[in-house]
Amino acid sequence: MTSANAKTKTAITPTRSENYPEWYLQVIKAADLAENSPARGCMTIKPWGYALWENIQSVLDGMFKATGHKNVYFPLFIPLSFFQKEAEHIEGFAKECAVVTHHRLATNEDGQLVPAGPLEEPYVLRPTSETIIGEAFSRWIQSYRDLPLLINQWANIIRWEMRTRLFLRTTEFLWQEGHTAHATPTEAQEETLRMLNVYTQFVEDYMAMPVIQGEKTASERFPGADNTYCIEAMMQDGKALQAGTSHFLGQHFSKTFNIKFLSAEGREEFAWTTSWGVSTRLIGGLIMTHSDDDGLILPPKLAPLHVVILPIIHKDTDRQDILAYCESLASELRDLTYHKRAIAVEIDTRELTGGEKAWSWVKKGVPFRVEVGKKECEAASVYVGRRDKAYKEKTSQTRAEFVQSLTTSLDEIQATLLARAKAFRQEHTATVNSKQEFYDYFAKDDCGFAMAHWNGSAEVEAQIKSDLSVTIRCIPLEKNPEGGTCIFTGEPSKQRVIFAKSY
């Protein structure tokens, strides 16, 4: 008889409630997504993790192209002089820059390799590309007929982080960065918000991760931007994750890099520019939004694999029939499409026990596990487990029923994950109406988002960050914001803003 207080065995230890940061790292390890690299602060993305990034990249790339953007590639090396032209921008990134100062290695008297051949001008390894792309735009744009110029690049980024965490914050990471130039501020502002909406659609529809759109405060704004907009998501520990940003750069970079065009009226004018990006941080957000104490849970629209078939072979005499049935089933499933992708199926023929196989795929987050033994072959059936349900909650279905209902069932899982995440966010969002209530809220272990009035004071913002390690995540984009009274100063407030601890 099991004690009522007996601890439930889980595939991942520690559990989320015991040690959330370590749970996160163990999920990544168990799912075989990535590992720390010998290069300090960097990560090696393993096949399962990179397949997930490829799916993210594929969908987003299609969405960018559908809105008129074309892909380019710029060098990883940016001349230091480009940053020196842009004082505010470089100040924002100066502490994170990695710099190349030599162009070769030589052997010293001790037989050790040392840098040699100093460069005439050092190169900064790309922390972001506004400067080098701004220089190119100044050559590419001559007339209003060259506008709008809409480009995107998929690239790696180098930012020298002191405290790193796989996917969330690493010295090198993968991302996309969009850069555009426009004839008017209205067009540029529309572009900034259009791409914020593209990110929102992708993250909610494909990642099943609900987000709040908003504008960053001045202190959180991208260096050199007039306005920074973001999407903020809540993780299962109640912390916020900035999942994507879109920046209205005004004419700041245009004036620095001389991005001019001749207008239809014959006047020389500076262009209005934008930039926007998301990164492999999205994978960290996906992990922390959906996964449980048994491992990764993947939204079907992005899962590298939709179905894994597990042959259950007890007698060698049954092997041929069972494997033939599995191959036939896999072939039938691969003829199906799910949101413009062929259903991805794998047959696991490894020499492991059925339980070992099943748990390895549970930890990887595959939406459907299908067990096939002699009984299933004889009955033309399948024994099915869904990753959004408990491990032991399996059902027997006819093969025809499973195949016919698969795409609908995948959509059910997708919808379930989004609904769960929305419910969690709602349960962990509080409307706070006094300073004491605010401080009490963030003193708790299970805090989340606090919606509170704020008068716009940078001093108040800095004090809260110092006292509680809490920041204003965003000023929500609302058509008719409700004014009120700042809970910290008693002064008028235009609307409630979102406060939270964050990654």
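Start at 1 with the first residue, then count along the sequence. Computed over heavy atoms, backbone and side chain alike; hydrogens, waters and symmetry mates excluded.
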Trainee: For V362, is there any backbone N or O sitting under 3.5 Å from a side-chain donor or acceptor partner on R387?
Mentor: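 Judged by distance alone, yes, a pair lies under 3.5 Å.
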Trainee: Decide whether Q213 and N197 meet the rule of one side-chain donor and one side-chain acceptor closer than 3.5 Å.
Mentor: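 A pair is found: one side chain offers a donor N or O, the other an acceptor, under 3.5 Å apart.
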Trainee: Could you walk me through whether K70 and L149 pass the side chain to side chain contact (heavy atoms under 4.5 Å, CB included) check?
Mentor: CA-CA 9 Å; K70 295 181 179 179; L149 180 55; over 6 Å; no
Trainee: When you measure from the side chain of Y206 to the backbone N and O of Q201, does any donor-acceptor pair fall under 3.5 Å?
Mentor: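 Pair absent, no side-chain N/O of Y206 close to backbone of Q201.
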Trainee: Taking side chain as C-beta onward, heavy atoms only, is I158 less than 4.5 Å from R126?
Mentor: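 I158 vs R126: side chains apart.
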Trainee: Do T245 and C230 come close enough that some side-chain heavy atom pair is under 4.5 Å?
Mentor: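 Side-chain contact under 4.5 Å: yes.
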Trainee: Distance only, no hydrogens: is a donor on one side chain within 3.5 Å (strictly under) of an acceptor on the other, for T274 and T180?
Mentor: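 Result is yes, a qualifying pair exists.
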Trainee: Aromatic contact between F368 and F402, with the criterion being ring centroids under 6.0 Å apart: yes or no?
Mentor: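 Judged by ring-centre distance (under 6.0 Å), F368 and F402 do meet the cut-off.
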Trainee: Hydrogens and angles aside, do R399 and S328 bring a side-chain donor and acceptor to less than 3.5 Å of each other?
Mentor: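 Judged by distance alone, the side chains do pair up.
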Trainee: With a 3.5 Å distance limit and no angle check, can you tell me whether D292 reaches the backbone of G295 through a side-chain donor-acceptor pair?
Mentor: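 Such a contact is found between D292 side chain and G295 backbone.
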Trainee: Quick check against the 3.5 Å criterion: does T398 have a side-chain atom that pairs as donor or acceptor with the backbone of E401?
Mentor: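 Checked: pair present.
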Trainee: Just checking, is any N or O donor in the side chain of T184 or T186 under 3.5 Å from an acceptor N or O on the other one?
Mentor: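 There is no such pair (donor and acceptor under 3.5 Å, judged by atom type) between the side chains of T184 and T186.
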Trainee: Looking only at atom types and distance, does a side-chain atom of R16 sit under 3.5 Å from a main-chain N or O of W23, one as donor and one as acceptor?
Mentor: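 No: the side chain of R16 does not pair with the backbone of W23.
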Trainee: Do the non-hydrogen side-chain atoms of L298 and P304 ever get within less than 4.5 Å of each other?
Mentor: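 They are in contact (side-chain heavy atoms under 4.5 Å apart), so the answer is yes.
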Trainee: Taking the six-membered ring for Trp, are W361 and W48 parallel (under 30°), tilted (30 to 60°) or perpendicular (over 60°)?
Mentor: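 Because their plane-to-plane angle is over 60°, the rings of W361 and W48 count as perpendicular.
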Trainee: Between D318 and K375, does any side-chain N to carboxylate O distance fall below 4.0 Å?
Mentor: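 Between K375 and D318 there is no salt bridge, as every charged N stays at least 4.0 Å from the carboxylate O atoms.
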Trainee: Give a yes or no on this: more than 12 heavy atoms of other residues, nucleotides or ligands lie within 6.0 Å of atom CG of D445.
Mentor: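 Not buried by this count: 12 neighbours or fewer within 6.0 Å.
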Trainee: Is R221 reaching over with its side chain to a backbone N or O of K216, donor-acceptor style, under 3.5 angstrom?
Mentor: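 Answer holds: no.
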Trainee: Could you tell me how the ring of F173 sits relative to the ring of W175: parallel (under 30°), tilted (30 to 60°) or perpendicular (over 60°)?
Mentor: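 Correct class here is perpendicular.
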Trainee: Pair D146, W140 - check side chain to side chain contact (heavy atoms under 4.5 Å, CB included), show working.
Mentor: CA-CA 8 Å; D146 299 323; W140 296 356; over 6 Å; no
Trainee: Once you measure the plane-to-plane angle for Y391 and W359, does it fall in the parallel (<30°), tilted (30-60°) or perpendicular (>60°) bin?
Mentor: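 Parallel.
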Trainee: We want to know whether R473 and T471 form a side-chain donor-acceptor pair, criterion being a heavy-atom distance below 3.5 angstrom.
Mentor: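 Yes, side-chain donor-acceptor contact under 3.5 Å.
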Trainee: Between Q189 and Y229, is there a side-chain donor-acceptor contact under 3.5 Å, judged purely by atom types and distance?
Mentor: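 Y229 vs Q189: donor-acceptor pair found between side chains.
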Trainee: State, with a plain yes or no, whether a side-chain heavy atom of K364 is found less than 4.5 Å away from one of D32.
Mentor: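 Sidechains of D32 and K364: in contact.
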Trainee: Going by heavy atoms in the side chains, are E376 and V370 under 4.5 Å from each other?
Mentor: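 Side-chain contact under 4.5 Å: no.
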Trainee: Quick check with a 6.0 Å cut-off and a 45 degree axis cone: is K501 positioned over the face of Y503's six-membered ring?
Mentor: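 The answer is no; the distance or angle limit is not met.
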Trainee: Please determine whether the number of non-hydrogen atoms from other residues, nucleotides or ligands lying under 6.0 Å from atom CD of E22 exceeds 12.
Mentor: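 Buried by this count: over 12 neighbours within 6.0 Å.
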Trainee: Please tell me whether R350 and S360 have a donor and an acceptor in their side chains that are separated by less than 3.5 angstrom.
Mentor: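 Side chains of R350 and S360: pair found under 3.5 Å.
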Trainee: Within a radius of less than 6.0 Å around NZ of K374, do more than 12 heavy atoms belonging to other residues, nucleotides or ligands occur?
Mentor: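 Count not over threshold, so no.
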Trainee: Given side chains that start at C-beta, do those of L241 and L168 come closer than 4.5 Å, heavy atoms only?
Mentor: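 Side-chain contact under 4.5 Å: yes.
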Trainee: Do K357 side-chain atoms and L310 backbone N/O form a donor-acceptor pair below 3.5 Å?
Mentor: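 Between the backbone of L310 and the side chain of K357 there is no qualifying donor-acceptor contact (under 3.5 Å).
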Trainee: I'd like to know if the side chain of E332 and the backbone of V403 have a donor-acceptor N/O pair within less than 3.5 Å.
Mentor: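 A pair under 3.5 Å: no.
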Trainee: Is the count of non-hydrogen atoms from other residues, nucleotides or ligands lying under 6.0 Å from Q426 atom CD greater than 12?
Mentor: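 Open: at most 12 neighbouring heavy atoms sit under 6.0 Å from CD of Q426.
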Trainee: Can you tell me which residue pairs pass the ring pair (Phe, Tyr, Trp, His ring centres under 6.0 Å) test with a partner in residues 322-349, sequence neighbours excluded?
Mentor: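 Found H306-Y338.
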Trainee: Using ring centroids (six-membered ring only for Trp), state whether F64 and W276 fall under 6.0 Å.
Mentor: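 Yes, the ring of W276 comes within the 6.0 Å limit of the ring of F64, centre to centre.
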Trainee: Could you tell me whether Y123 and F82 have their ring centroids closer than 6.0 angstrom?
Mentor: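 No, they do not, as the ring centres are separated by 6.0 Å or more.
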Trainee: Is there a side chain to side chain contact (heavy atoms under 4.5 Å, CB included) between L296 and S291? Walk through the geometry before answering.
Mentor: CA-CA 5 Å; L296 185 64; S291 302; 3.5 Å; yes
Trainee: Any side-chain heavy-atom pair from L150 and T67 closer than 4.5 angstrom?
Mentor: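 No, their side chains stay 4.5 Å or more apart.
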Trainee: Apply side chain to side chain contact (heavy atoms under 4.5 Å, CB included) to residues T273 and H179 and explain how you reach the verdict.
Mentor: CA-CA 7 Å; T273 65; H179 296 267; over 6 Å; no
Trainee: Quick one about T228 and H247 (side-chain donor to acceptor, distance below 3.5 Å, no hydrogens or angles considered), yes or no?
Mentor: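 The answer is yes; a qualifying pair exists.
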Trainee: So does R194 pair up with E191, basic N to acidic O under 4.0 Å?
Mentor: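 A salt bridge links R194 with E191.
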Trainee: Counting C-beta onward and ignoring hydrogens, is there a side-chain heavy-atom pair between T13 and Q26 closer than 4.5 Å?
Mentor: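 No, every pair of side-chain atoms sits at 4.5 Å or beyond.
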Trainee: Judged by atom type as modelled, is there a donor-acceptor pair below 3.5 Å linking the side chain of E130 to the main-chain atoms of P223?
Mentor: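 Pair absent, no side-chain N/O of E130 close to backbone of P223.
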Trainee: For E412, is there any backbone N or O sitting under 3.5 Å from a side-chain donor or acceptor partner on T416?
Mentor: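 Judged by distance alone, yes, a pair lies under 3.5 Å.
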